[in-house]
2 protein chains.
Amino acid sequence: MDQTHDTDLRIDHSPTTLRELAVDRLRQAIISGRFSGGERLVERTLCDQLGVSRSVVREAIRYLEAEGLVETLARSGPMVAKLDWARARQVYDIRGLLEAEAASACARLADDGVKARLHAALRTLEAAFTDADPSRLYHATTKFYEVIFTSAGHDIAWEIVQRLNSRISRLRALTLATTDRRVSGPAHMARICEAICNNDAPAAAKAVRVHLADAAEIARMLLEKET
Amino acid sequence: MDQTHDTDLRIDHSPTTLRELAVDRLRQAIISGRFSGGERLVERTLCDQLGVSRSVVREAIRYLEAEGLVETLARSGPMVAKLDWARARQVYDIRGLLEAEAASACARLADDGVKARLHAALRTLEAAFTDADPSRLYHATTKFYEVIFTSAGHDIAWEIVQRLNSRISRLRALTLATTDRRVSGPAHMARICEAICNNDAPAAAKAVRVHLADAAEIARMLLEKET
DNA sequence: AATGGTATGTTGGTATACCATATGGTCACA
DNA sequence: TGTGACCATATGGTATACCAACATACCATT
């Protein structure tokens, strides 16, 4: 709250380059399933679709390649990275480690401001769930975790989790949509929120692990069914 | 050993693109301290130094940017990412989680082949230590962990750890060099190796955590001393 | 039908041109 | 002397054109 005073009257220079836009668009297109796994990404086609030049497209692809969303085959060019259960399982395991740790730290540190933001995120999440709005639910879930990670000071872990999430984004969208079978989604989140608001670190970590184990189980069934 | 028969007379198509080479060179230059943290990376200068065109340099920079080694400021261009203790601490924490989990899994799964490779890696590590060869020590340590992660099937976690390691590479080189104060380096590794070879998962995880706590402590002192 | 050549498409690599912006300096003027 | 206008330079961002290598599909010859 003290250094904001410094940056307060700073001009919001936001020169969002074309490249950043292209990265976002492409990432979103992959995440949303617009491009399916294994699909080739032909540079010049993307130039037309995005309305930018090859330089921009190529640099965007390099970025997404380093993110793990795109893999470039030797002489065949870039394609959307494929996802099998062996890899997805690893992603869920790593998320479990990082998110449990973050929730634990958050529970130890949470003050009233954090708790308020967490409750707010939970409310929009529940609203999105009752409205059956997948996109809002997706973003609300992300926001919920963002509060946990950033208030715990785990910036880098949050970067990693976001990257992992975009890799399994299709699965994530599916699991979020499949939660009609159980009331798991918001119920799990509510338990996480409750544990953090009670400053109960072990309970928070446990609640996160339960939620992720559940999500991973749903993901496994989805993945093994479709192959 | 059986599929090598298939690929034996296969031409070793190594289409290492200029871009990959550029990425490796730049990464190595940053890791080795050739470019220090905060230093600007002027594109056209890099073109001359690397002997490639701007396209290649720019794409390489995008890759390293996504890796977290380079950050691009709004209208000032790319620069080598800086590292403070707040971020380094997070990196050590995350490494602790991932490496402990990997060592644990490795200890559960390790068969004779894994144990042999682990011992081999440990021997070259110890040799590099007695020879006081920092570069070999660095690579041997990396190799040691690579055996642990890959034999545990934690490919993705290994990717993440490697990325984190390149971020703190300067620190890592320093901590590896500073271990004359204690005999910690290879001694810790030996204990990790021993626990895994005894298939003692909890001991392996604990040994990893001890080693990392030690490394983090050295890193903290180094970082706070130089600022 | 098998073989060998050919055409096309895609990519990697490069060079170059143009524009916008930031920076720093110079110079005229108050 | 200080101030503001102005310009030159450096740099990043973007677009475009070109070429070579390679893979794939297709076609012709035997």
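Naming convention: chains lettered A, B, ... in sequence-line order (proteins, then strands); numbering from 1 in each chain. As the structure is a computational prediction, the values presented were derived from the model and not from experiment.
Between the CZ atom of B:Arg40 and the P atom of C:dA22 there is a distance of 13 Å, given to the nearest Å. Rounded to whole Å, atom P of C:dT11 lies 5 Å from atom CD of A:Glu43. Straight-line distance from the CZ atom of A:Arg54 to the C1' atom of C:dT11: 7 Å, rounded to whole Å. Distance, A:Glu59 CD to D:dG13 P: 8 Å, rounded to whole Å. If you take CG of B:Leu50 and C1' of C:dG13, they are 14 Å apart, rounded to a whole angstrom. Whole-Å rounding puts the B:Met79 CE to D:dT11 P distance at 16 Å. Atoms CD (B:Glu39) and C1' (D:dT11) sit 16 Å apart, rounded to a whole Å. Atom-to-atom, CG of A:Leu73 to P of D:dC22 comes out at 16 Å; the value is rounded to the nearest Å.
Nucleic acid contact class of B:Leu41 (heavy atoms, under 4.0 Å, all strands): sugar-phosphate only.
Judged by distance alone, with hydrogens and angles left aside, A:Ser55 brings a side-chain donor or acceptor within reach of the base of D:dA15, the pair sitting under 3.5 Å.
Comparing B:Val56 and B:Arg44 by the nucleotide of DNA chain C that holds the closest heavy atom to each, the one mapping nearer the 5' end is B:Val56.
B:Leu118 places a side-chain heavy atom less than 4.5 Å from the side chain of B:Phe144.
Salt-bridge annotation for A:Glu217 and A:Arg220: present, with a side-chain N of the basic residue lying under 4.0 Å from a carboxylate O of the acidic one.
For C:dG13, the OP1/OP2 oxygens have a side-chain nitrogen or oxygen of B:Arg19 closer than 4.0 Å. Between C:dG12 and A:Arg58, a contact under 4.0 Å exists linking OP1 or OP2 to a side-chain N or O.
Classification of the A:Tyr92-A:Trp85 ring pair by plane angle, with boundaries at 30° and 60°, yields tilted.
Side chain of B:Thr72, nearest nucleotide from C:dG13, D:dG13, C:dT10: D:dG13.
Other residues, nucleotides and ligands contribute only 12 or fewer heavy atoms inside 6.0 Å of the CZ atom of B:Arg25.
Counting only residues at least two apart or in different chains, salt bridge (charged side-chain N to carboxylate O under 4.0 Å, His left out) contacts with residues 61-73 of chain A comprise A:Arg27-A:Glu67, A:Arg62-A:Glu65, A:Arg62-B:Glu59.
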